[in-house]
Amino acid sequence: MNELFTIAGHFVDPKTIEDITPLGNGLINDTYKILVQGQPRYVLQRINNAVFTDVEMLQNNIEAVTHHIRKKYESQGVNDIGRRVLHFLKADTGKTYVIEDGKYWRVMDFIADSYTYEAVTPEYAYYAGRSFGDFESLLTDLESPIGEIIPDFHNIEFRMKQLDEAIVEDKAGRMKDPEVQDYVAKIKAVTERMCLGERLYREGKLPKRICHCDTKVNNMLFDKDGNVLCVIDLDTVMPSFVFSDFGDFLRSAANTGAEDDPDLDHIHFNMEIFKAFAKGYLEGTQSFLLPIEKENLPYAATLFPYMQAVRFFADYINGDTYYKIKYPEHNMVRTRAQWKLFEEAEKNLEMMKLVVDK
Ligand code: GN1
Ligand code: MG
């Protein structure tokens with residue numbers, strides 16, 4: 001605990017800090033809120049530098065994105081900008097992060113009276129679609145270069161290669177399990193079809209744009225009336241296919257169960273959420289979205305549960321070195337749940353195409 005106070009003291013006057021308590025449930029970084037005068041005032045975060053190995057690039061990316069959005073909002077006369085875009089504090093080192101005992105830390109302003117959700121109604125999904133679409137749209141004319149912070153992050157061909165390596169190395173001795181072998185077979189049977197995006201890219205038909213790349217429902221802040229305040233968790237902002245933001249939101253929002261639901265009967269693909277989100281997203285992106293991007297949005301909704309199953313599964317085979325887990329089989333439970341969601345999404349593929357066409 002003392003360690004947290006010392007670190008926070010690099011960014012904030014230590015005498016004003018009353019308490020520092022855990023916040024949120026991300027699978028990668030550790031997040032806390034800093035309380036001042038009985039209220040959360042700042043967010044302290046330990047950056048997982050095993051995942052984000054180039055923290056300098058990470059913070060440069062985030063600063064470029066937040067400055068760009070803030071400037072646009074200023075010129076548009078948007079109200080309450082402090083609650084509409086993240087703001088990172090400079091430490092006494094002059095940078096927006098500090099290193100203590102080999103650990104990396106940063107602090108941002110806490111956005112007051114904001115709420116996150118793990119599940120949304122169609123109405124909120126519509127606002128979320130609009131906001132993620134607007135987010136991409138705001139960044140189409142960003143001039144500062146944005147580095148690919150995790151190379152090949154949403155490249156399914158690369159994720160399959162990682163899975164193959166995990167299988168060969170079998171570090172945790174989990175390959176002998178018949179269920180594991182069964183999942184390997186199921187995953188591989190459809191790989192070819194799931195790599196469509198990468199093929200279109202190689203053929204020069206599909207562009208990369210600056211995307212958020214972690215559009216889980218809980219990475220968006222709402223106010224008490226359900227209006228979207230802002231998009232958070234900007235670590236993975238990087239060039240990617242628009243499929244990333246569209247598909248990853250639905251992976252969490254259209255799932256009627258939890259990401260790691262042990263009861264597969266809970267997991268279905270909610271078409272009402274799809275319709276509402278797609279409507280908002282298409283409105284937000286209408287100024288730039290190409291037909292090839294639009295017509296493949298339904299594919300994106302199937303790709304992301306698939307890719308997430310592959311990633312959780314590879315981590316399980318590797319012995320759980322990437323995602324935080326709560327119990328030993330957690331990554332296998334997540335794999336089953338994401339695979340079920342993938343199957344459910346595929347059942348709705350034709351219906352999704354009809355919706356997007358309309
Ligand atoms: C991670 O940090 P968090 O929980 O927002 C992961 C995402 C996964 C997600 C699965 C950098 O996001 O890509 O989709 O878990 N982030 C990274 O819940 O790998
Ligand atoms: Mg997050």
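Atoms within a ligand are numbered from 1 in the order they appear, just like the ligands themselves. When reading the values below, keep in mind they use all heavy atoms of this one structure, side chains included, and skip hydrogens, waters and symmetry mates.
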Is there a donor in the side chain of Glu56 and an acceptor in the side chain of Tyr97, or the other way round, less than 3.5 Å apart?
yes
Test item: side-chain donor near acceptor, Arg311 and Tyr323, under 3.5 Å:
yes
Could you list which atoms of ligand 1 come closer than 4.0 Å to a heavy atom of [X]?
{"X": "Tyr322", "result": "11 (C), 17 (C), 19 (O)"}
{"X": "Tyr323", "result": "15 (O)"}
{"X": "Phe52", "result": "11 (C)"}
{"X": "Arg251", "result": "10 (C), 14 (O), 18 (O)"}
{"X": "Asp233", "result": "5 (O)"}
{"X": "Asp214", "result": "3 (P), 5 (O), 7 (C), 12 (O)"}
{"X": "Gly26", "result": "4 (O)"}

Consider ligand 1: state whether an atom of it lies below 4.0 angstrom from any non-hydrogen atom of Phe153.
yes
Taking all heavy atoms of Asn61 and all of Pro145, pick out the closest pair and write down the distance.
OD1-O, 4.3 Å
Taking the ring of [Y] and the ring of [X], is the distance between their centroids below 6.0 Å?
{"X": "Phe277", "Y": "Phe246", "value": "yes"}
{"X": "Tyr201", "Y": "Phe241", "value": "yes"}
{"X": "Phe243", "Y": "His154", "value": "no"}
{"X": "Tyr42", "Y": "Phe110", "value": "no"}
{"X": "Tyr115", "Y": "Phe222", "value": "no"}

Test of proximity, [X] against ligand 1: N or O pairs below 3.5 Å:
{"X": "His154", "result": "no"}
{"X": "Glu259", "result": "yes"}
{"X": "Thr236", "result": "no"}

Considering Thr215, Ile28, Asp248 one by one, which has a heavy atom nearer to atom 16 (N) of ligand 1 than any of the others?
Ile28
Shortest heavy-atom approach to atom 15 (O) of ligand 1 - which of Asn48, Leu27, Ile149, Asp235
Leu27
Run the salt-bridge test on Asp315 and Lys324 with the 4.0 Å N-O cut-off and return the result as yes or no.
no
